[in-house]
Colleague: 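Dropping the structure in here first, questions after.
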Amino acid sequence: MSGPLTKSYVDATDPSHPIQKDLVLYELFERARERGVVGEVVNLETNRRFTTTQILDKADGYAKGMLALDLIPGEDTFAVVGCSTIEAINLFTACSAIGVAFAHPYTYTPMDISIASILPNMAPRAVVVGEGVSGKNCTSFLGFFKETDTYPQSDKLPFIEHIFYDNSHNDRAPAHKCLNPLSQLTEIGKSVSDQKFYEAKKSVKPEYRLHHLFSSGSTGKPKCIAHSHYSLVNELLQLRAENVEPMLTMNPNIDEMISYSCAALVLAGKVSKCVFTPDINRDVPISEIGKVITQGVIDEGAQYLMIPGAVSTMIRDCILNDKVNFPPIKFFLNGAQIVSRGFKENLKEIFHGMAFTDYAMTEAFVIATTSLYDTKEGDEARMQARLVVKPNTQLRIVDTKGEVVDIGEDGMVQVKTYSQLKEYRKQEQLTKDLFTEDGFIKTGDMGVMYEDGTFIIKGRTADAIRFKVFGDVIYPGPIEEAMSQHPAIDDISVISGSTNDYYGDELTYCIKLKADAVRPTEEELIAYGTTHRLDESQRPCRLVFMEELYYTDNSRKVSKKKLREAVHQMIAKDLTTGLCDWYRNFVAELTS
């Protein structure tokens, strides 16, 4: 950049590190193998571990099996449901080898409904099912098929032609005749010659669909996001480091975007070891899961934590409660777009490493990161979540008319990058609506840019709260991050509880308390917020305590839409619902 910016637009083209247009993912894996780079994958859930050589060898057998099933590269999809972590990675690798798209959709309660609504997005011809840690995945899936059918037949899942069973979690054999052991996929692959396998690998195109990912479904309708080889290959190539120290990352059943990206990192020789967390099983206390993860970091020598804030908190709580002598971490990825400074300072004190935040979306992988420079100035930028646009990416901040705003002005973030999605599967209009006419993705986030081209994310456009009393737009993220650390609070979501033309949106804290916790007073909560860097514009007008918050259909996060509807109904019945004394007095003074 030649001088200070005046407009909120950055073009981070990097001529010294151009985008590769002719590579596919499996080529990166084979290049690492040819260089003699051998990494390791560890699953803390089962304590199973495999070298990358073992994964590639097993994946080749699975890939031949897929060819024997006549799956068509560039067209067909292979899916896993309730499959163990290691086998899922083997199958992902196999799909990448021959150009068959892969999918590992998360399932949620009720599982039969989620399976029937999610799988048709990709229409996989072959599926591997397993019990999963909950023990319900396979049972729910097989409910669509008759035990006596020799071949799969289902009115709701008519596209499925082959079903295999992964017994890694629970070694039992379901009675369905249409079900084959996963080992049979390798067995039938023995009929495929090495020459046919070689030709299949060489026929894969960078534009082929590689992986189907799913958004969290805040609307109640999870979107099926298709990425190409081109997207993930170049995402990996932008990381110039080779064979860095071990990292801890997510179980694929929790977050398939992070987990499979990290699996690709170790297979491509970028990371020496990838350690996967256990799945979050509601039958197991969070504290116990936290202990397994914490000990896993220590035993496996993980130097990088590529995990969301919730898992960082599990580890932190375990360290504090059990007085664990935790090793220094080089850096930890907080994940999420908005992470409070207080939260990061807390984690930095525990982990003794650099607080690292990224700005990412399922549709485009990582868009920007905080600086990794180990300097005092760089550390301050990280604490502020000042984001740097990643190389070979364009980012701009625009107003409601689509015009780029001046530096320092709030606006909507739009991005154009090599790693953006190929499409929303079977949703052409939604895909079209996502992009501007000149090819930028409308992220739905609000941000502000600085003269040096760095920027911060303020929140989701749809979640903005406009409380006219303070004359500014308030975003829930920083409040939720700060208040979620209160010892009595189990979960919190901030919404506009009531709206009128005079005051605007009333800031409302919806709080679920921990079991047996004493309800904190208004004064205590405001004081806690103040000590955690919340100002008076972020104090609650209403405090609504609830036994359960309202979640999205997949149970992955709070549904603010459902929550607003519920709270608005409460207020309609009783205008004083949750009203805070300071706000009641404030309104009385204005209207007296």
Side-chain angles (χ1 to χ4, degrees), residues 216 218-220 309-310 313 338 340 342-343 459-460 462-470 472-553 555-588 590-591:
S216 57
S218 57
T219 62
T313 301
I338 301 173
S340 71
F343 183 80
R460 297 290 294 169
D463 294 338
I465 300 170
R466 293 168 175 82
F467 188 37
K468 294 181 181 179
V469 170
F470 292 103
D472 198 5
V473 177
I474 301 162
Y475 294 96
I479 303 173
E480 293 166 349
E481 287 289 354
M483 298 306 298
S484 65
Q485 299 174 61
H486 190 285
I489 293 178
D490 183 53
D491 203 355
I492 179 172
S493 186
V494 177
I495 62 169
S496 59
S498 182
T499 301
N500 61 61
D501 292 337
Y502 192 62
Y503 305 116
D505 302 330
E506 293 176 346
L507 199 65
T508 302
Y509 290 11
C510 299
I511 296 173
K512 175 188 174 184
L513 295 175
K514 293 179 179 176
D516 302 322
V518 177
R519 179 183 292 193
T521 65
E522 171 190 331
E523 292 76 14
E524 289 171 341
L525 289 173
I526 290 175
Y528 186 87
T530 301
T531 59
H532 285 71
R533 293 187 173 85
L534 298 183
D535 60 36
E536 66 173 6
S537 71
Q538 296 167 306
R539 68 169 61 174
C541 300
R542 297 178 187 266
L543 288 169
V544 180
F545 292 90
M546 311 175 78
E547 291 187 5
E548 288 290 343
L549 302 185
Y550 288 76
Y551 295 88
T552 56
D553 290 344
S555 302
R556 292 188 69 171
K557 65 180 182 180
V558 171
S559 170
K560 290 186 181 286
K561 180 181 178 182
K562 292 181 181 180
L563 197 57
R564 279 193 294 266
E565 291 172 352
V567 172
H568 289 174
Q569 290 177 8
M570 293 180 195
I571 296 173
K573 292 178 181 178
D574 180 2
L575 294 176
T576 65
T577 297
L579 207 59
C580 292
D581 288 339
W582 82 266
Y583 182 59
R584 189 196 308 266
N585 296 333
F586 178 79
V587 172
L590 286 180
T591 56

Colleague: Show the numbers, then the answer: is there a side-chain contact (heavy atoms from CB on, under 4.5 Å) between Ile571 and Arg542?
Modeller: CA-CA 10 Å; Ile571 296 173; Arg542 297 178 187 266; 3.6 Å; yes
Colleague: Could you give the distance from CG (Leu543) to CD1 (Ile526), rounded to the nearest 0.5 Å?
Modeller: 7.5 Å
Colleague: Return the NZ to CD1 distance between Lys562 and Ile495, rounded to the nearest 0.5 Å.
Modeller: 14.0 Å
Colleague: Kindly compute the distance separating CG (Leu549) from OG (Ser493), expressed to the nearest 0.5 Å.
Modeller: 6.5 Å
Colleague: How far apart are the closest heavy atoms of Tyr475 and Gly459, and which atoms are they?
Modeller: CD2-CA, 3.5 Å
Colleague: Distance from Arg519 atom CZ to Ile489 atom CD1, nearest 0.5 Å?
Modeller: 11.5 Å
Colleague: Is the shortest side-chain N to carboxylate O distance from Glu480 to Lys560 below 4.0 Å?
Modeller: yes
Colleague: Starting at CG of Leu507, measure out to CG of Asp505 and round the result to the nearest 0.5 Å.
Modeller: 9.0 Å
Colleague: Between Trp582 and Glu523, is there a donor-acceptor pair closer than 3.5 Å when you use the side chain of the first and the backbone of the second?
Modeller: no
Colleague: Any non-hydrogen side-chain atom of Pro520 less than 4.5 Å from a side-chain atom of Leu513?
Modeller: yes
Colleague: Rounded to the nearest 0.5 Å, what separation is found between the CZ atom of Arg539 and the CD1 atom of Ile474?
Modeller: 11.5 Å
Colleague: Going through the checks in order, is the side-chain contact (heavy atoms from CB on, under 4.5 Å) test met by Met546 and Met570?
Modeller: CA-CA 12 Å; Met546 311 175 78; Met570 293 180 195; 3.7 Å; yes
Colleague: Is it true that a side-chain atom of Thr508 and a backbone atom of Gly497 form a donor plus acceptor pair closer than 3.5 Å?
Modeller: yes
Colleague: Measure from the side-chain N and O atoms of Thr521 to the backbone N and O of Glu524, and report whether any donor-acceptor pair falls under 3.5 Å.
Modeller: yes
Colleague: Taking Gln538 for the side chain and Asp535 for the main chain, is one N or O donor matched with an acceptor at less than 3.5 Å?
Modeller: yes
Colleague: Decide yes or no for Ile511 and Met483: does some side-chain heavy atom of the first lie under 4.5 Å from some side-chain heavy atom of the second?
Modeller: no
Colleague: Main chain of Ser496, side chain of Arg564: is a donor-acceptor contact present, judged purely on distance under 3.5 Å?
Modeller: no
Colleague: Would you find a donor on one side and an acceptor on the other, under 3.5 Å apart, between the side chain of His532 and the backbone of Ile479?
Modeller: no
Colleague: Donor-acceptor pair, Tyr528 side chain versus Gln485 backbone, under 3.5 Å?
Modeller: yes
Colleague: So do the side chains of Pro540 and Leu525 get within less than 4.5 Å of each other, counting heavy atoms only?
Modeller: no
